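Everything numeric here is computed off the predicted structure, so don't read it as measured data.
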2 protein chains.
Amino acid sequence: MASIKDVAQKAGVGVGTVSRVLNNSGYVSEDTREKIEQAMNELQYTPNELARNLFHKKSGIIAILVPSVEVPFFAELVHNIEEELYKQGFKIMLCNTDKEHNAESEYLDMLNRHIVDGVITGVHSLDVEEYKKIKKPIVALDRYLGENIPLVTVDHKEGGRIAAETLIANGCKKVVHFRGAIAVESPYHDRHYEFARIMKEHNVECYDYELAWNRFDLEYYEEAVKDLFQKIGDWEFDGIFGCDRVAIECMNEVIRRHRKVPKDVKCIAYDGTYVTQMVEPSVTAIVQPIENLARESAKLICDLVNGKHHKNKQVVLNVSLRKGKTTIV
Amino acid sequence: MASIKDVAQKAGVGVGTVSRVLNNSGYVSEDTREKIEQAMNELQYTPNELARNLFHKKSGIIAILVPSVEVPFFAELVHNIEEELYKQGFKIMLCNTDKEHNAESEYLDMLNRHIVDGVITGVHSLDVEEYKKIKKPIVALDRYLGENIPLVTVDHKEGGRIAAETLIANGCKKVVHFRGAIAVESPYHDRHYEFARIMKEHNVECYDYELAWNRFDLEYYEEAVKDLFQKIGDWEFDGIFGCDRVAIECMNEVIRRHRKVPKDVKCIAYDGTYVTQMVEPSVTAIVQPIENLARESAKLICDLVNGKHHKNKQVVLNVSLRKGKTTIV
């Protein structure tokens with residue numbers, strides 16, 4: 001295999017000049033650069049990337065932590081972040097944290113070991129205090145991790161408001177409300193608080209069902225919906241509000257029990273991933289702008305990796321209502 | 001930051017001994033190892049992983065190439081491969097190849113640059129000849145890439161047979177058959193050939209609809225189903241066979257046109273990812289054993305990275321029928 005010395009010799013320049021071209025540092029005339037690149041091509045010279053990373057202390061890799069890429073929301077998010085970071089010259093390392101072992105701290109440790117240049121975290125497992133100790137590039141999705149870690153989120157309160165007002169406008173009086181695990185602090189709970197507040201204000205009865213922490217599999221949602229129906233007994237509801245897949249599962253159970261959607265029961269899903277559009281009837285949804293969440297997270301992590309600092313930075317994006325066939329007005 | 005020299009000094013040993021512990025190579029007595037580990041802890045010594053990778057020419061990273069992690073099949077596959085490789089001490093780099101730019105060759109190039117130790121590829125974009133040039137660890141999913149690249153696949157022919165016989169047993173006489181793009185060579189076409197063969201043998205009329213290459217998004221499936229209904233005009237079918245999401249979309253269109261599933265139209269999906277179980281009625285499916293596909297791919301890539309060679313290796317797993325509510329018998 002050709003070495004940097006062979007390239008220098010063939011191009012008739014010094015090794016230092018080749019190194020400047022490789023590392024894109026210092027002045028090299030256009031002519032010389034061309035000569036060197038030609039020599040590299042002819043010799044099929046492949047720079048040893050590991051050696052270059054060592055020199056720069058950069059790996060060109062960003063780690064993305066999500067609970068599970070099987071969840072449609074995270075699948076779409078990871079797909080879009082990968083696309084954005086690819087444009088910026090970064091590759092992504094993917095970690096699902098729904099394992100037994102706490103992989104989250106291991107990935108954060110990789111920041112210190114120069115394996116990854118930055119971390120985008122969409123998980124809620126590790127103690128916030130752990131993050132506060134780290135001074136490396138981290139961007140947080142939907143979770144406040146201290147003033148040095150930029151936060152990307154959506155206006156969940158607005159999402160809760162739109163959902164509540166839409167169900168009220170549809171005449172709902174008794175609503176099932178699936179909530180995230182309260183044990184975990186996150187801006188996304190704001191949708192639940194606002195939803196509950198407005199429902200109370202309008203005297204709409206709500207049955208709150210708290211979902212287990214860190215469970216996102218379909219089997220669990222099936223269990224949860226069965227459990228719900230047992231618990232409510234003959235309390236007959238006319239509205240559903242929950243994240244995409246649990247809302248869909250609850251709607252399907254309603255249909256299996258021979259009640260009509262949207263005539264008897266209205267349904268609004270939260271997140272608005274593709275699954276809400278692949279069921280029949282398609283589900284009205286509060287849509288998170290996943291492409292923009294991905295773009296903003298990618299932009300911020302690139303900033304941090306490139307040495308820019310952000311203090312108390314919060315990017316809050318808007319949600320929107322997409323009408324499906326599970327609501328009437 | 002503490003250096004390896006500091007660690008050696010504190011532990012009262014030579015730098016070579018510390019290096020042996022770090023690299024887990026050569027004999028070091030238990031006592032000495034403990035002394036060194038204690039010194040590392042006290043000094044908060046973090047080995048420079050990049051330097052170690054350079055020494056070993058190993059990065060501990062496996063790249064996984066899929067068309068798009070948004071597709072449920074690939075989301076489940078990636079999730080499971082990540083879990084398996086994590087147990088073996090590997091991290092994964094994820095690449096979606098449904099970009100404009102041909103990222104596939106770029107990722108293969110990373111093998112040469114020691115950025116990744118191996119590649120598991122589930123994509124069908126690059127020319128097979130490109131792969132034959134590469135002598136590094138590669139495992140192929142559902143695609144024959146030459147005798148040196150192990151292949152992991154399922155018995156697609158059997159899948160086609162089960163689907164055909166199930167629809168025949170259900171009395172279907174006119175069936176819509178969604179096929180993958182024929183331009184791409186893959187073992188998965190075997191299901192189509194076998195399905196078509198058995199249908200013909202039993203005088204079941206089939207309308208073959210060829211899907212576009214490398215399009216896996218829901219928007220495309222909606223277009224395709226609309227296009228199908230325009231093309232068939234008043235040819236009224238009583239059976240559907242296609243991959244999960246296009247089969248579901250076609251079934252939904254049937255329902256929207258006020259025909260009953262499974263009374264008027266039967267439906268069998270291929271892949272059997274979670275989406276077939278989250279729609280109402282749940283869809284009968286030929287199930288690919290995704291967990292086992294992931295396990296076998298992970299095992300083979302670990303073999304190759306660890307220096308084992310495989311020649312003409314093909315792992316062919318069984319598919320199974322999971323009855324949903326879109327078939328009767």
Side-chain angles (χ1 to χ4, degrees), chain A residues 46-54 57 59-61 63-64 68-72 74-76 78-80 82-83 86-87 91-96 98-99 101 103 107 109-110 112-116 217-219 221-222 245 248-249 251-253 255-256 273-275 277-282, chain B residues 46-54 57 59-61 63-64 68-72 74-76 78-80 82-83 86-87 91-96 98-99 101 103 106-107 109-110 112-116 217-219 221-222 245 248-249 251-253 255-256 274-275 277-282:
Chain A
T46 311
N48 187 317
E49 201 88 357
L50 283 174
R52 293 184 59 196
N53 287 346
L54 185 59
K57 293 213 166 190
S59 69
I61 302 172
I64 304 182
S68 166
V69 79
E70 281 185 21
V71 177
F74 293 117
E76 291 191 5
V78 167
H79 184 265
N80 282 288
E82 193 260 356
E83 198 166 312
Y86 181 83
K87 288 183 206 156
K91 307 293 181 273
I92 67 159
M93 190 179 269
L94 175 70
C95 172
N96 299 298
D98 63 349
K99 302 179 176 66
H101 182 71
Y107 277 80
D109 193 45
M110 282 202 277
N112 292 322
R113 296 186 295 143
H114 306 292
I115 301 293
V116 299
D217 50 302
L218 210 57
E219 292 73 33
Y221 291 135
E222 285 170 12
R245 296 199 299 170
I248 289 171
E249 179 55 26
M251 173 182 88
N252 286 342
E253 184 58 26
I255 294 171
R256 286 190 288 266
T273 60
Y274 71 85
V275 294
Q277 296 181 284
M278 66 169 289
V279 289
E280 186 57 38
S282 62
Chain B
T46 310
N48 187 318
E49 201 87 357
L50 284 175
R52 293 183 59 196
N53 288 346
L54 184 59
K57 294 215 167 189
S59 69
I61 302 173
I64 304 182
S68 165
V69 79
E70 280 185 23
V71 177
F74 293 117
E76 289 189 9
V78 167
H79 184 266
N80 282 287
E82 193 260 356
E83 198 166 311
Y86 181 83
K87 287 183 207 157
K91 307 293 180 274
I92 68 158
M93 190 178 268
L94 176 69
C95 172
N96 298 299
D98 64 349
K99 302 178 176 67
H101 183 71
E106 192 179 329
Y107 277 80
D109 193 45
M110 283 201 277
N112 292 322
R113 296 186 293 144
H114 306 293
I115 301 294
V116 300
D217 49 304
L218 210 56
E219 291 74 33
Y221 291 135
E222 285 170 11
R245 296 199 299 170
I248 289 171
E249 179 55 26
M251 171 181 89
N252 286 341
E253 185 58 25
I255 294 171
R256 286 189 287 265
Y274 71 84
V275 294
Q277 297 181 282
M278 67 168 288
V279 289
E280 186 57 38
S282 62

Determine whether A/M93 and B/I61 satisfy the following criterion, side-chain contact (heavy atoms from CB on, under 4.5 Å), listing intermediate values before the conclusion.
CA-CA 9 Å; A/M93 190 179 269; B/I61 302 173; 3.4 Å; yes
For A/I248 and B/E280: C-alpha separation, side-chain torsions, deciding distance, then whether side-chain contact (heavy atoms from CB on, under 4.5 Å) applies.
CA-CA 9 Å; A/I248 289 171; B/E280 186 57 38; over 6 Å; no
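- Taking all atoms of both residues into account, the shortest heavy-atom contact from B/M278 to A/V279 is O-CG1, 4.0 Å.
- Interface remark: A/M251 contributes no atoms to any contact with chain B (heavy atom separation under 4.5 Å).
- The two residues B/H79 and A/E70 make their nearest non-hydrogen contact at ND1-OE2, 3.1 Å.
- There is no contact between A/E219 and chain B, counting heavy-atom distances below 4.5 Å.
- Neither the backbone nor the side chain of A/D217 comes within less than 4.5 Å of any heavy atom in chain B.
- Looking at A/L94, the atoms closer than 4.5 Å to chain B (heavy atoms on both sides) sit in the backbone and in the side chain alike.
- Taking CD1 of B/I92 as the start and CG of A/N96 as the end, the distance is 7.0 Å to the nearest 0.5 Å.
- B/V275 approaches A/Y274 most closely through the heavy-atom pair CG1-OH, 4.4 Å.
- Between atom CD of residue B/E222 and atom CD of residue A/Q277 there is a gap of 6.5 Å, rounded to the nearest 0.5 Å.
- Ranked by non-hydrogen atom pairs under 4.5 Å with chain A, the options B/I255, B/I64, B/N252, B/V71 are led by B/N252.
- Heavy atoms closer than 4.5 Å to chain B are found nowhere in A/F74, neither backbone nor side chain.
- Rounding to the nearest 0.5 Å places CD of A/E83 at 9.0 Å from OG of B/S68.
- With a 4.5 angstrom heavy-atom cutoff, B/Y221 does not touch chain A via any of its atoms.
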